[in-house]
Amino acid sequence: MSDTGPQHELSARYDPTGIESSIYVRWLDRRAFHVAAEDAVDPYVIAIPPPNVTAALHMGHGLNNTIQDVLIRFERMRARDAVWIPGTDHAGIATQNVVERDLATEGLSRHDLGREGFVERVWSWVEQYGSTIIEQLKTIGCSCDWDRTRFTLDDGLSRAVREVFVRLYEKGLIYRGNYIINWCPRCRTALSNEEAEHRETGGRLYHIRYPLADRDGEHVVVATTRPETMLGDTAVAVHPEDERNRHLVGHEVELPLVGRRIPIIADEYVDPEFGSGFVKVTPAHDPNDFEIGLRHDLPRIDVMNDDATMNAQVPEPYRGLDRLEAREKVVRDLESLHLLSAIEDHAHAVGHCYRCDTVVEPRLSLQWFVRMKPLAEPALEAYREGRLRFHPERFGNVYEHWMTNVRDWCISRQLWWGHRIPVWYCRECGEVLVSRVDLTECTACGGAVDQDPDVLDTWFSSWLWPFSTLGWPEDTPDLKTFYPTSTLSTAPEILFFWVARMVMAGMEFVGELPFTDVLLHGTVRDAQGRRMSKSLGNGIDPLQVVGLFGADAMRYTLVSAAALGTDLQLDHEDLESSFRVGRNFANKIWNAVRFALGHVTLLDVEADPGTTPLELADRWILSRFSVTAADVTRSLDRFRLHEAAEASYQFVWGEFCDWYLELVKTRLKGDRGEDSRRAAAATLTTVLDGWLLLLHPIMPFITEELACHLPGRTDDDTLLRGPWPAPPVEWQDVEAEQRMEAVRELVGTVRNLRSDYGIDPGRRLEVVMARPSSAVAAALDAETEGVLRLGRLSSIRRVDTTPAGEPGAHAVLKAGAELFLPLTGVVDIERERSRIGEEIVRVEGLLTGTRARLGNPRFMEGAPAEVVQRERDKERSLEERYALLVEKRSAFGPG
RNA sequence: GGGGCCUUAGCUCAGCUGGCUAGAGCGCUACGUUGACAUCGUAGAGGUCACUGGUUCGAGUCCAGUAGGCCCCACCA
C-alpha cells in the first residue's frame with residue numbers, strides 16, 4: 001500500500017480501526033510467532049498464566065499479557081528465539097459453576113444429567129466458548145505461539161497430571177486421611193488452605209455455662225464464636241498448669257442441650273489467661289480441637305451435612321437447620337436455660353470460599369493430601385541461593401515465609417469437572433490401587449474396582465504448566481529446548497496458589513527451576529482505589545478500550561502507569577481520561593511520521609551517509625537516540641517497563657518532535673541547501689526508524705504500520721525481528737549535546753521573556769547578546785536560523801556588553817551569555833528590576849550552598865572527585881551569572 | 001499476633017546502588033489556527049518530599065520511632 005506518495009494516505013488523526021486487525025493477520029500469516037525446537041538457538045520462553053477457560057478478558061489480563069508481550073517482543077527483536085506458550089485452565093470449580101448455572105436456567109441440575117452427561121455438557125461448553133479469551137488476547141496484540149496452545153485438561157496435560165500423582169504416591173508424598181479441611185457448603189467440596197480467604201469479620205463471643213455433671217449447681221464457663229458447634233463437643237479443656245481450674249480435670253460436665261457427659265481434660269493448647277481458662281473441644285469442626293482430640297483420643301462428632309445444615313448427630317430440634325439458624329436457636333435455648341453468661345463483640349478472621357464467597361466450614365473429612373515439606377526444601381534453597389529472583393524483590397520474603405511454613409495440600413475436590421483421581425478401590429479385597437492407566441479390575445485379587453469419585457484441585461494441573469505444556473513426561477525436543485522457561489509474569493495473589501507450587505513441581509519432576517525471574521505486577525484499581533470486579537461493576541473491558549483508542553494506546557497507558565509491582569488506577573467512568581496518555585502519544589507518533597514521510601525519499605536514505613556532513617541538530621538527535629536506546633534496553637532488561645515507556649515518550653515527544661523536527665523543517669524544504677537537506681533527511685529517517693523499533697514491543701501495531709511506509713521499507717518488512725536498535729557509541733556526542741542545550745536555553749529564555757512581557761507572538765524581535773561562552777557561540781553559529789525561527793527573532797546582534805539604561809529585558813544564560821531584549825514602551829523599569837532581583841536572590845542561594853560545600857574540608861575529602869568537580873563547575877558558572885545579574889541591576893540605578 | 005508496603009505538586013504517580021537547583025502525565029492560568037499533530041504549540045503558577053530524631057561532608061533516598069492508609073500471612077477459643 002505504500003509504493004508511491006504514502007504521505008497522502010495518512011490521515012491527520014490516527015485511527016487504529018482496521019489497521020490493527022489487518023496487521024495481526026499479516027503476522028499470523030507469516031507464522032511469525034512460532035519457533036520450532038530444532039531451530040531454536042537462544043530460547044527465551046514465557047509460559048502464559050493460563051486464564052480460566054470461562055474468563056472474559058479484563059484489565060488485569062490486559063496488563064499482565066501486555067507485560068509479557070513486551071518482554072517477548074523485545075527478546076524476539078534481539079534475535080532470541082522467543083516463545084510464548086499460551087493456553088487456558090479448566091478451572092474446576094469456576095467452570096462447573098458456570099455450566100451449572102447454565103443448566104439451572106433450564107431447570108436442571110448436574111444430577112439430572114448424571115456425571116458423564118454433565119462432563120460432556122461442560123466439554124461442549126468449553127468447545128463453544130473456550131477460545132473466547134484466546135481470541136481476545138490476539139486483539140490486544142499478544143504474540144503467542146498459537147500452535148502451542150494448551151488446555152490443562154487436554155490429553156497431554158492429563159497424562160502429566162496422572163504421572164505426577166502416581167509418582168508422588170509411590171514416593172509416599174501423597175496420602176489419604178481424615179483431617180479438618182475447609183469445606184465450602186455451597187460448592188460442596190473441600191478446598192485447600194489457599195482457597196479459603198480469611199477476612200476479618202465482626203462476630204460475637206458467647207460465654208456458655210457447662211454444668212458439672214457431678215457437682216450440683218457448679219459449672220464451668222467456655223467461650224466460643226460458634227455456639228452451634230457445641231452440639232459436637234466431646235470435651236472441655238484447661239491448661240495443665242492452670243492453678244484456678246486444674247483441680248477439675250478428670251471431672252465431667254453435662255453438655256447443655258445435648259445431655260452428653262464429656263470429660264474435662266488438661267491440654268497445653270489452652271491459654272489459661274484467656275476468658276475463664278476453659279475451652280470447649282469440638283474435634284470435628286476446628287483444627288485445634290482436632291489436634292487436642294488426637295492427643296486425648298476424643299470422639300469426633302461431625303454435626304453437619306454437606307450443605308452445612310445440622311445432621312442427625314444433633315438433638316432433634318436442631319436437625320436440618322442451617323448452621324446460622326442453628327446458632328440462633330442454640331443461643332436462644334441456652335438463654336432460656338440461663339446458661340448464657342455473657343455475649344461480647346469479637347472480631348475474628350473467617351474463611352470464605354474464593355470462588356463463591358460462602359463462609360467456609362472447617363470440617364472433618366476424608367481427603368487426599370500432598371506432603372509439602374519435602375517438596376518445599378529444594379524450592380526454598382533455589383531462592384536462597386539466588387537462582388530464583390523476584391521483581392520486586394520484596395516478594396521473595398513472602399515466598400520464603402510461605403515456603404518455610406508450608407502445610408500439606410488438600411488436593412481432592414468433590415466435583416465432576418477436572419482430572420479424576422487415579423485411584424481405584426477393590427470391592428473384594430479393599431486394595432487401594434493407584435495407577436497410570438485406567439483399571440477395570442483389582443491387580444491383587446481380580447475383583448471389581450471403583451474409581452475414586454473425586455477430581456483433583458485445578459492447581460494440581462496448573463503447577464505442572466511450565467513443563468506439561470512442553471510434552472513432559474516425554475523427554476521431547478520441546479522440553480529439552482524450552483525448559484526451563486525464562487520469565488514468569490503474574491499477579492501477587494497467586495504467588496502461593498501457583499508460583500510457589502510451580503517452583504516445587506519443576507524442581508521435583510524435572511529437576512530444574514521452571515523459570516528464573518518472577519515478575520509480580522500490581523492490581524488495576526478504579527478511580528476510588530477499589531479493585532476492579534464484576535460485582536462492583538467497576539471493571540473496564542479491554543476490548544472496548546481497543547475499540548475506542550486502539551490496542552497500542554491501551555498498552556502504552558498500562559505499561560507507563562504500572563511501575564514495577566505498584567498498583568495503577570483507571571477510571572471506569574471516564575475511559576478517555578484513563579487512556580488519553582496512550583491515545584495522544586499514538587497520535588503524536590502518527591503525525592511525526594506523517595510529517596517526515598512528506599519530506600524524505602528513498603534517494604535520501606540510500607545516499608552514502610559519509611558524503612553529507614551532519615549538522616549540530618543531526619549530531620544531537622543521534623546522540624540522544626543513542627542514549628535513549630541504551631536506557632530503554634537497560635530498563636527492559638531489568639523488567640522496568642514503565643521506565644522504558646517513559647524514556648521513549650520523553651525522547652519521541654520532548655526531543656525528537658519538539659526540537660529536532662522543529663529545527664529541521666526548513667532544512668527539509670531545502671532552505672539551507674541540498675547538503676543540509678540531505679543530512680537532515682537521512683538523519684531523520686535513521687532516527688525515526690530507530691525509535692519505531694524501540695517502541696515496537698510496547699506499541700506493536702502503529703509502529704509496524706508506520707515503519708512499512710518509510711522509504712527503504714516495504715509492506716513485506718516487519719519490525720517483529722528487529723533488529724533491536726543498538727546505535728554505535730560514537731553517536732554519543734557530548735559536544736553536540738552541550739551546544740544543543742545552549743540552543744534550547746537560548747530559545748527558551750527568549751520565549752520566556754516574550755511571554756512575561758506579553759509580546760505579540762507574531763512580532764519579530766531583535767535580541768542583543770554579549771559575552772557568549774564558546775558553547776553558546778558555536779551553537780549559535782551552527783543553528784542561527786533555527787534559533788531565530790523558534791524564538792521568533794529578527795536578528796541577533798552581538799555586542800561587547802549589553803546596553804545599560806535602555807528599556808528592555810535582561811537575562812543571563814546558564815550556558816554562558818548575556819541577553820538583552822530591547823522592548824521600547826513595553827518594559828516597566830521597576831518590574832524588570834524586581835525580576836532581576838528575584839533571580840539574584842535565587843542564584844545567591846544556590847551559590848551560598850555550593851560554596852559552603854566547597855569550603856567544608858570534610859566534603860572535599862569525603863566526596864568523590866567527580867562530585868567535587870561538579871560543584872566547582874557549578875560554583876564558577878553561578879559566580880559568573882551572579883556577577884552579570886548584579887551588574888544588570890545596577891544599570892537600573894539605585895532602586 | 002507476625003511480616004511487608006505506602007505517605008513526594010490540586011489529581012495519578014516516577015525518583016534503582018545517598019550528590020536534586022526534586023520530575024512526568026493530567027488538571028489549572030495566560031497566550032497561540034507559525035501547513036505533522038488543537039488527540040496540538042509556547043509560557044507560567046503549584047512541593048517545609050507525612051511527622052520526630054539519628055547516621056553522614058551531604059538524606060526524598062539509609063536507620064529508629066510516631067501518625068495515617070493499604071496488603072499478605074496466622075489454629076488463641
Side-chain angles (χ1 to χ4, degrees), chain A residues 7 10 12-14 180 198 205 222-226 237 269-271 273-275 278-282 286-291 346 348-349 362 392 394-395 397-398 401-402 405 492-493 495-496 523 527 529 549 553 560-561 563-571 576-578 580-581 583-599 635 638 640 642-643 646 649-650 654 657-658 661-662 665 747-748 751-756 758-762 789-790 792 814 842-843 845-846 849-850 852-853 856-864 866-868 870-871 874 878:
Chain A
Q7 65 273 21
L10 302 186
R13 279 190 184 190
Y14 173 52
I180 300 281
H198 288 267
L205 191 60
V222 299
T224 181
T225 53
R226 307 201 46 207
Y269 165 75
V270 183
D271 176 0
E273 306 298 316
F274 189 91
F278 291 96
V279 174
K280 63 188 273 303
V281 183
T282 323
D286 182 283
N288 298 305
D289 294 6
F290 176 80
E291 294 295 325
H346 183 76
H348 62 137
R394 72 187 125 92
F395 285 106
N397 298 331
V398 182
H401 182 259
W402 184 83
N405 300 292
E493 295 97 274
L495 190 58
F496 309 138
T523 306
F549 314 118
S560 68
L564 195 57
T566 64
D567 293 351
L568 59 151
Q569 292 203 346
L570 297 170
D571 188 345
E576 183 184 316
S577 90
S578 296
R580 185 179 289 147
V581 182
R583 182 200 60 175
N584 291 359
F585 188 37
N587 190 246
K588 189 73 179 177
I589 291 168
W590 182 261
N591 275 291
V593 176
R594 193 164 72 98
F595 169 76
L597 289 177
H599 296 276
S635 297
R638 300 169 69 211
R640 305 178 78 95
H642 91 278
E643 286 180 3
E646 216 162 273
Y649 184 99
Q650 283 310 330
C657 292
D658 288 351
L661 283 188
E662 290 305 329
K665 275 177 178 170
V747 171
R751 284 169 169 173
N752 181 327
L753 293 175
R754 296 182 66 110
S755 170
D756 259 12
I759 312 295
D760 173 7
R789 180 159 45 87
L790 298 185
R792 306 243 69 190
K814 274 192 254 184
R842 207 179 68 86
V843 171
L846 294 172
T850 304
R853 237 158 289 159
N856 183 339
R858 285 189 295 181
F859 170 78
M860 300 305 283
E861 287 160 30
E866 172 198 323
V867 173
V868 174
R870 209 180 311 150
E871 285 301 310
K874 206 199 291 180
L878 285 172

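Every chain is numbered from 1, with letters handed out A, B, ... down the list of sequences. Below, all heavy atoms of this structure are taken into account, side chains as well, without hydrogens, waters or symmetry copies.
The separation of B:C49 from B:C11, taken at their P atoms, amounts to 16 Å, rounded to a whole angstrom. B:A30 and B:U66 have their C1' atoms separated by 44 Å, with the value rounded to a whole Å. A gap of 15 Å separates the P atoms of B:A38 and B:C26, to the nearest Å. Rounded to a whole angstrom, the distance from the P atom of B:A9 to that of B:G46 is 14 Å. Taking the C1' atom of each, B:U7 and B:A14 are spaced 15 Å apart, rounded to whole Å. A gap of 35 Å separates the C1' atoms of B:A74 and B:G60, to the nearest Å.
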Inset, instruction - Sugar-phosphate atoms are those with a prime plus P, OP1 and OP2; base atoms are the rest. Using that split, label each nucleotide of nucleotides 15-27 of chain B B, S or - for protein heavy atoms under 4.0 Å, 5' to 3'. - result: SB--BSB--SSSS
Inset, instruction - Give the B/S/- string for nucleotides 69-77 of chain B, one per nucleotide from 5' to 3', where a protein heavy atom under 4.0 Å of the base yields B, of only the sugar-phosphate yields S, and otherwise -. - result: ----SBBBB
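Between the side chain of A:D567 and the main chain of A:T523, a donor-acceptor pair closer than 3.5 Å is present.
Side-chain N/O atoms of A:N591 include none lying less than 4.0 angstrom from OP1 or OP2 on B:U39. Note on A:T566: a side-chain N or O is less than 4.0 Å away from OP1 or OP2 of B:A14. Of the side-chain N and O atoms in A:K665, one or more sit less than 4.0 angstrom from OP1 or OP2 of B:A36.
Under the 30°/60° scheme for interplanar angles, the aromatic rings of A:W402 and A:F496 are found to lie parallel.
Across the strands present, B:C20 finds no partner; the criterion is a Watson-Crick or G-U wobble pair with both atom distances under 3.5 angstrom. If you check B:C75 for Watson-Crick or wobble pairing at under 3.5 angstrom, you find it has no partner at all. Under the Watson-Crick or G-U wobble criterion, with both distances below 3.5 Å, B:A64 is paired with B:U52. Across all strands shown, B:A9 has no partner, as no Watson-Crick or G-U wobble contact with both distances under 3.5 Å is found. In this structure, B:C31 and B:G41 make a Watson-Crick or G-U wobble pair, each of the two defining distances being under 3.5 angstrom. As the counterpart of B:G58, no nucleotide is assigned, since no Watson-Crick or G-U wobble pattern has both distances under 3.5 Å.
The NZ atom of A:K588 sits 11 Å away from the C1' atom of B:A38 (whole-angstrom rounding). Regarding A:M860, its CE atom lies at a distance of 11 Å from the C1' atom of B:C57, rounded to whole Å. Nucleotide B:C57 holds its C1' atom 6 Å from the CZ atom of A:R858, rounded to whole Å. In this structure, CD of A:E662 is placed 8 Å from P of B:A36, rounded to the nearest angstrom. One interatomic measurement links the two molecules: CG of A:L568 to C1' of B:A14, which rounds to 14 Å at whole-angstrom precision. Between the P atom of B:G2 and the CG atom of A:N405 lies a distance of 15 Å, rounded to the nearest Å. As rounded to whole Å, 8 Å separates atom P of B:G32 from atom CG of A:D760. Separating the CG atom of A:N856 from the P atom of B:U56 is a distance of 13 Å, rounded to the nearest angstrom.
Taking the salt bridge (charged side-chain N to carboxylate O under 4.0 Å, His left out) definition, one finds that A:D271 meets it with nothing, sequence neighbours left out.
Heavy atoms of A:T523 sit nowhere under 4.0 angstrom from any nucleic acid atom. A:R394 comes within 4.0 angstrom of the backbone, heavy atoms only, and of no base. When heavy atoms are screened at a 4.0 angstrom cut-off, A:R583 is found touching base atoms of the nucleic acid.
If you find the closest nucleotide of RNA chain B to A:S755 and to A:S560, the one lying nearer the 5' end belongs to A:S560.
Considering only side-chain atoms of A:A592, the nucleotide from B:C57, B:A36, B:A43 that sits closest is B:A36.
A side-chain N or O of A:Y269 and one of A:N288 form a donor-acceptor pair less than 3.5 Å apart. Under the 3.5 Å distance criterion, with hydrogens and angles disregarded, a donor-acceptor pair is assigned to the side chains of A:R594 and A:N591.
A salt bridge does not link A:E861 to A:R858: none of the charged side-chain nitrogens sits closer than 4.0 Å to a carboxylate oxygen.
At a cut-off of 3.5 angstrom, the base of B:U42 holds no donor-acceptor pair with the side chain of A:R751.
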